[in-house]
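Everything below concerns the one structure shown next.
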Amino acid sequence: MALENVRLEVMKTVEKSVDGFIDKYLIPVDDIWQPTDLLPNLQNENYNEEIIQIREEAKELGYDFWVVLVADMVTEEALPTYESWLMDMEGVKQHGASRGEQNSWAKWVRHWTGEENRHGDTLNKYLYLSGRVDMREIEKTTQHLINDGFDIGTGRDPYRNFVYTSFQELATNISHKRVGQLAKKKGNKMLAKMCNIIAGDEMRHYMAYREFVKTIFEHDPSEMMLAFQDMMKKKIVMPAQFIRESGDDIASAFENFSNAAQRLGVYTTYDYIEILRKLNSYWEIDKMTSLTDEAEKARDYLMKMPDRMARIADRIAVPQDQHQFKWVAPNGTL
Ligand SMILES: [Fe+2]
Ligand SMILES: [Fe+2]
């Protein structure tokens, strides 16, 4: 059978477990938190006191912090790109001849999107109320990023896509958690809580996607291993790889954002390496048997990769010069 057909068969087989994964890893609408649970209730008489508190607490946070929070929010707001990308994967069927013919994979993507959509909403409203950033510039960046899309090197292959999403959900868990810790250190409890609760969602998503991959490993170990190796060889790019400021070229803001995140210790090369170690260990690739010769080699490559990357990372210094973004004024106030 051609490789693509085997993949489709595997996707059909795993699909039978997807409704169970939705129940296990996602939370029904009536039980899950909503952005307004974490933000001032503007229907309250004394709503202005809460807004004043947000603005006061926001004064303690530094330049790199705002840049990272803005770019994290914009990354979340580009969700239409991610949903349409995942809907296009081989094996996902979002419609049929009649209504209700979506398969369970399409249902997963929709429900996952529904949860993710709350992240950008929450951070967007917080940033708007904080009074520390130029919302119009940020909104232009978001619109640009959606216009520019992304290319994460997976094609329509579900194996590669699930490696990507496993990796990326853990990366966002780490970065939201760290931003929350920094906010807490500066006494900003409201923001700390938002970031923590978002990080909790990302953790559940990570656990789901890594389970998809683990299940695929059981059915098609060699091809899953080769897909994993291919993604790591290409490097996992960030979903906001093409981020730009207004008037600038595509992708021109990414490096400066990434440097700010590294300076703050919110997301570093060492985190990237740690994620790879975690995936190697959760998928137990060292114990995997019945691999083809090529997949054996891919496994060895993946096992050695974290140490090799760590040696290189030790030699690279993070640039210390702060780029001046249009999103945040120099002293943080506009
Ligand atoms: Fe998210
Ligand atoms: Fe996520």
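Starting from 1, each residue takes its place in the sequence as its number. Counting starts at 1 for both ligands and their atoms, following the listed order.
The N, O or S atom of His119 lying closest to the Fe ion (ligand 1) is ND1. In terms of distance to the Fe ion (ligand 1), the nearest N, O or S atom of Glu116 is named OE1.
A donor and an acceptor atom, one from each side chain of Asp201 and Trp33, are located under 3.5 Å apart. Residues His111 and Glu116 bring no donor and acceptor atom of their side chains to less than 3.5 Å of each other.
Residue Glu202: an N/O/S atom is found under 2.8 Å from the Fe ion (ligand 1). For a distance bound of 2.8 Å, the N, O or S atoms of Glu115 include none lying that close to the Fe ion (ligand 1). Between the Fe ion (ligand 2) and Glu169 there is an N/O/S contact shorter than 2.8 Å.
With sequence neighbours excluded, the residues satisfying side chain to side chain donor-acceptor pair (under 3.5 Å) with Arg160 are Asp157, Asp230.
Leu69 contributes atom CG, which lies 6.0 Å from atom SG of Cys195 (distance to the nearest 0.5 angstrom).
For Trp283 and Phe162, the distance between ring centers is not under 6.0 angstrom.
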